[in-house]
Amino acid sequence: MKKHSARVAPLSSYSTQVLTCPISEGEDGSESHTETPGSETSGDSWSYQSCTNAVLKVLAGLLMVLCVSSSWVGTTQVVKLTFQSFSCPFFISWFSSNWNILFFPIYYSGHVATTREKQTPIQKFRECSKLFGEDGMTLKLFVKRTAPFSILWTLTNYLYLLALKKLTATDVSALYCCHKAFVFLLSWIVLKDRFMGVRIVAAIMAITGIVMMAYADGFHGDSFVGVALAVGSASTSALYKVLFKMFLGSANLGEVAHFLSTMGFFNLIFISCVPLILYFTKVEHWGSLSSLPWGYMCGLAGLWLVFNILVHVGVVLTYPILISIGTLLSVPGNAAVDVLKHEVIFSVVRLTATCIICLGFLLLLLPEEWDSITLRFLATIVDKKQEEHGEELTESSVHTRSRSRANGTVSIPLA
């Protein structure tokens, strides 16, 4: 037999591209594709509704951030204005805390306006009283459960007001943001929460900012005392939140409203003796009741109540991280008011300390799974780049084979 030889062109590629088309065969072997028009419509409506709900929740969160930051800035600035004519911080704190009694009536009004099944105030109050136990609220449980939280609440507000007498509103609001770091440390120690290295770094940054703030005017005088008072307020606030999470972590909004109103009653009944003692010992002397700046005090108490309502309601209605961001935005808000209205000049050390504290606060807002989420995000980006690179190689291979065929050569793939 004669051997015939064929001239073969050099191989342009060692890989072949296989195109497959999946075919679903029915009983008769023909292609079957069942579609229900209603399923597409319902799927589109479901996706549209979910997107709408997400957008509305984000918009509500942004509005909540603005309201939280504005109410806290307003509270701090009204305190500074009140101190110009009435310098009795404990009396102001006691008077503002009494307004917590209105928390449950406001909640019940919202409940009546938004639900069809109406309950009387007594029925709703008894339902929310299950927070204290199956038997409801008794005098013993009232004192046992309410007293520690009410004392911590009063100390937090009182120390915060004392710090505002020594420092600017910007410094006090920045130092108060350190409570987030203290909450993490206490939760890690007491509640055995997950250890996170980034939050330890944030706590170290918060402590660094505190030291720098105290060093700004030297470790003496009103500045150092003001820093100590602000840090004390942040510490008692952190302890209050950790205890609240420990004992009342599963409480709903109605139970929280009931508990805060109960604290207001406790403050009115048991802590009213403290302002009287301070008055008769001449530690805080306010003169006659008619001479008090009731306008500033009612405005301050109202703003404080609005801030607490927004914080507790916002956690239910939107993302909790947005409430924390609203608290953080009070720092630049107070700084703008201090610069424009009070003409405060901040030193470089104070600005650096404030920025460090705010950065640590932002690091504390990272979720627990932030590292795995970041790694998955980076892996997705890498896979996408590899797919794009593979498509570029495939297109170049197809282009090379097409040029080879145009030149009259044949490319035979290896088996």
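In this chain, numbering begins with 1 at the start of the sequence shown.
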* Asked: Between the side chains of T168 and T170, is a donor N or O closer than 3.5 angstrom to an acceptor N or O?
  -> no

* **side chain to side chain contact (heavy atoms under 4.5 Å, CB included) assessment of T154 paired with I271** => CA-CA 9 Å; T154 302; I271 304 184; 3.6 Å; yes

* **Heavy-atom check, side chain of L185 versus side chain of I200, under 4.5 Å** => yes

* Asked: Do any N or O atoms from the side chain of S71 and from the backbone of V68 form a donor-acceptor pair under 3.5 angstrom?
  -> yes

* Structure fact -> I357 and A206 have their tightest heavy-atom pair at CG1-O, 4.2 Å

* Structure fact -> Between L362 and L328, the two heavy atoms sitting closest are CD2-CD2, 3.4 Å

* Asked: Can you name the residues that form a side chain to side chain donor-acceptor pair (under 3.5 Å) with T236, not counting sequence neighbours?
  -> T156

* Asked: In terms of heavy-atom contacts, does OH of Y296 have more than 12 from other residues, nucleotides or ligands at under 6.0 Å?
  -> no

* N/O donor-acceptor pair under 3.5 Å between K166 side chain and V227 backbone -> no

* Residues that Y176 engages under ring pair (Phe, Tyr, Trp, His ring centres under 6.0 Å), provided they are two or more places apart -> W72, Y160, H179

* To do: Could you tell me whether L276 atom CG has more than 12 heavy atoms of other residues or ligands within 6.0 Å of it?
  => yes

* Asked: Less than 4.5 Å apart, any side-chain heavy atom of N157 and any of S96?
  -> no

* Structure fact -> All heavy atoms of G264 vs all of N100, minimum pair found to be CA-CB, 4.0 Å

* When you look at V79 and L161, which way does the side chain to side chain contact (heavy atoms under 4.5 Å, CB included) test go after all the steps? -> CA-CA 7 Å; V79 169; L161 296 181; 3.4 Å; yes

* **pair T76-S330: side-chain heavy atoms closer than 4.5 Å** => no

* Asked: Which is it for V242 and K245 under the side chain to side chain contact (heavy atoms under 4.5 Å, CB included) test, yes or no, and what are the steps along the way?
  -> CA-CA 5 Å; V242 171; K245 183 179 179 181; 5.7 Å; no

* Tell me, do Q77 and H342 make a side-chain contact under 4.5 Å, heavy atoms counted? -> yes

* With no hydrogens and no angle check, is any side-chain donor or acceptor of S150 less than 3.5 Å from a backbone partner on F266? -> no

* **CG on L175 to OG on S233, rounded to 0.5 Å** => 10.0 Å

* How long is the gap from CG on L260 to CG on L305, to the nearest 0.5 Å? -> 9.5 Å

* **Test item: L243 and L239 side chains (from C-beta on) under 4.5 Å apart, heavy atoms** => yes

* Taking every non-hydrogen atom, the tightest pair across T82 and M297 -> CG2-CG, 4.3 Å

* **Side chains of W304 and F95 in contact at under 4.5 Å (non-hydrogen atoms)** => no

* **Donor-acceptor under 3.5 Å (N267 side chain, W94 main chain)** => yes

* Check for a donor-acceptor pair, side chain of T327 on one end and backbone N or O of I323 on the other, with a separation under 3.5 Å. => yes

* To do: Verify the distance criterion only: is there a donor paired with an acceptor across the side chains of S324 and K180 at less than 3.5 Å?
  => yes

* Check whether more than 12 heavy atoms from other residues, nucleotides or ligands sit under 6.0 Å from atom CZ of F265, and answer yes or no. => no

* Structure fact -> Test ring-ring contact (aromatic ring centres under 6.0 Å, His included), reference F91, set F83, W286, Y279, output is W286

* Structure fact -> Distance col, row L351:CG vs I345:CD1, nearest 0.5 angstrom, shows 11.5 Å

* Between M212 and V349, what is the shortest heavy-atom contact and its length? -> O-CG1, 3.5 Å

* Asked: When the aromatic ring centroids of F149 and F259 are compared, is their separation below 6.0 Å?
  -> yes

* Closest heavy-atom pair and its distance - L159, G232 -> CD1-C, 3.6 Å

* **Contact check, side chains of Y107 and H258, non-hydrogen atoms, under 4.5 Å** => no

* Is any side-chain heavy atom of C88 closer than 4.5 Å to a side-chain heavy atom of P275? -> no

* **Interatomic spacing from CD1 in I207 to CD1 in I356 - rounded to 0.5 Å** => 12.5 Å

* To do: Kindly check if the number of other-residue, nucleotide or ligand heavy atoms within 6.0 Å of CH2 (W99) is above 12?
  => yes

* **Main-chain N/O of V231 paired to S235 side chain as donor or acceptor, under 3.5 Å** => yes

* Asked: Atom CG in L167, atom CG in L162: separation rounded to 0.5 Å?
  -> 11.0 Å

* Sole residue of Y158, Y240, F244 in ring-ring contact (aromatic ring centres under 6.0 Å, His included) with W153 -> Y240

* Between S93 (side chain) and P89 (backbone), is there a donor-acceptor pair under 3.5 Å? -> no

* To do: Under the side chain to side chain contact (heavy atoms under 4.5 Å, CB included) rule, what do M213 and C178 come out as? Steps first, then yes or no, please.
  => CA-CA 12 Å; M213 192 77 72; C178 295; over 6 Å; no

* Is a donor on one side and an acceptor on the other found under 3.5 Å between the side chain of E284 and the backbone of F90? -> yes

* Are more than 12 heavy atoms from other residues, nucleotides or ligands located less than 6.0 Å from atom CD1 of I189? -> yes

* Quick one: OH on Y108 to OG on S261, what's the gap to the nearest 0.5 Å? -> 14.0 Å

